[in-house]
Amino acid sequence: MLQKDLTRDIKTRLNTIKGQLDGIIKMLDNDRDPEEVLVQFKAAGKALSTAQFLLLDETFRKSLAAKLSETMEACTGDCGQENTIELLRKQFPDLSLDELTAKMKEIQAVYDQMKANQQKS
């Protein structure tokens, strides 16, 4: 579940984008200069990217941080995944949003394997 402030911010941005898109349609109906229309397309695209970033950053970056922390706590130093955990910990601050989902899957696989190994012991 998303925080109410984040949800409100994203919805506000999307409503602004909706207005920008309506404006682009009117510009096209009024046969406006293509360069002016392109500027509005770029503005709407940038606004959509910003809204997407807010969602991804909140959802995936914080989730990855929590799972990475949980995995580090579960590894007592002899879990067999120390190198992977340390690599992910070092990479975390520099991960792009595109890399977050892959790293989420990777750390979840490490965590699951550690838990399975602990249950076998």
Side-chain angles (χ1 to χ4, degrees):
M1 180 177 283
L2 297 175
Q3 295 175 355
K4 291 188 185 297
D5 290 347
L6 177 64
T7 300
R8 185 177 54 247
D9 188 20
I10 291 173
K11 287 173 70 175
T12 299
R13 290 172 187 274
L14 291 175
N15 283 321
T16 300
I17 295 165
K18 189 184 328 181
Q20 287 175 307
L21 295 176
D22 288 342
I24 292 170
I25 291 169
K26 287 178 185 174
M27 290 175 80
L28 292 170
D29 289 343
N30 294 330
D31 201 27
R32 295 284 295 269
D33 179 24
E35 286 188 34
E36 291 177 22
V37 175
L38 183 58
V39 168
Q40 293 305 310
F41 266 108
K42 288 180 181 179
K46 176 71 174 156
L48 189 58
S49 291
T50 300
Q52 179 185 13
F53 174 84
L54 289 172
L55 177 66
L56 289 174
D57 190 57
E58 177 71 21
T59 304
F60 294 113
R61 189 168 299 279
K62 288 185 179 178
S63 295
L64 178 57
K67 182 53 80 174
L68 187 55
S69 177
E70 182 181 4
T71 304
M72 289 169 59
E73 287 178 20
C75 180
T76 59
D78 60 352
C79 62
Q81 297 294 326
E82 296 84 5
N83 292 337
T84 302
I85 293 168
E86 182 62 16
L87 179 65
L88 287 169
R89 188 189 66 76
K90 286 181 179 178
Q91 288 178 342
F92 180 79
D94 300 321
L95 290 175
S96 71
L97 290 177
D98 293 337
E99 296 170 306
L100 285 174
T101 54
K103 296 301 182 184
M104 281 289 295
K105 291 176 185 173
E106 186 176 343
I107 195 66
Q108 185 64 51
V110 167
Y111 184 78
D112 292 345
Q113 184 179 8
M114 282 178 21
K115 286 297 185 185
N117 289 343
Q118 286 175 352
Q119 288 176 352
K120 288 179 185 176
S121 298

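If you're wondering where the values come from, they're calculated on a predicted model, not measured in any experiment. Note that these values count all heavy atoms, side chains included, but never hydrogens, waters or copies made by symmetry.
Atom-to-atom distance recorded for Gln20:CD and Leu48:CG is 9.5 Å, nearest 0.5 angstrom. Summarising the geometry, atom CD belonging to Glu73 is positioned 9.5 Å from atom OH belonging to Tyr111; distances are rounded to the nearest 0.5 Å. The line from CE of Met72 to SG of Cys79 is 11.0 Å long, rounded to the nearest 0.5 Å. Atoms CG and CD, on Leu14 and Gln52 in that order, are 11.0 Å from each other to the nearest 0.5 Å. To the nearest 0.5 Å, atom CG of residue Leu21 and atom OG1 of residue Thr16 are 11.0 Å apart. To the nearest 0.5 angstrom, Leu38 atom CG is 11.0 Å from Glu36 atom CD.
Side-chain contact between Met27 and Asp33 is absent, with no heavy-atom pair separated by less than 4.5 Å. Under the 4.5 Å side-chain criterion, counting only non-hydrogen atoms from C-beta, Glu86 is in contact with Lys90. Side chains of Met114 and Ile85 form a contact here, defined as non-hydrogen atoms less than 4.5 Å apart. Within the 4.5 Å cutoff, no side-chain heavy atoms of Ile107 are placed close to those of Thr84.
Between Asp22 and Lys18 there is no salt bridge, since no side-chain nitrogen of the basic residue lies less than 4.0 Å from a carboxylate oxygen of the acidic one.
Each salt bridge (charged side-chain N to carboxylate O under 4.0 Å, His left out) pair with one or both residues in residues 100-119, not counting sequence neighbours, appears once here: Lys103-Glu106.
Asp94 is linked by a side-chain hydrogen bond (donor to acceptor under 3.5 Å, both in side chains) to nothing, counting only residues two or more places apart in sequence or in another chain.
The cluster map of Ile, Leu, Val, Met, Phe, Trp and Tyr, joined by side-chain heavy atoms under 4.5 Å apart, puts Leu87 and Leu64 in different clusters.
No side-chain donor-acceptor contact under 3.5 Å links Ser69 to the backbone of Ala65.
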Exercise for the section: Decide salt bridge (Lys or Arg N to Asp or Glu O under 4.0 Å) for Arg8 and Asp5; before the verdict, give the C-alpha distance in whole Å, the side-chain angles of both, and the deciding distance to 0.1 Å. Expected result: CA-CA 5 Å; Arg8 185 177 54 247; Asp5 290 347; 2.7 Å; yes
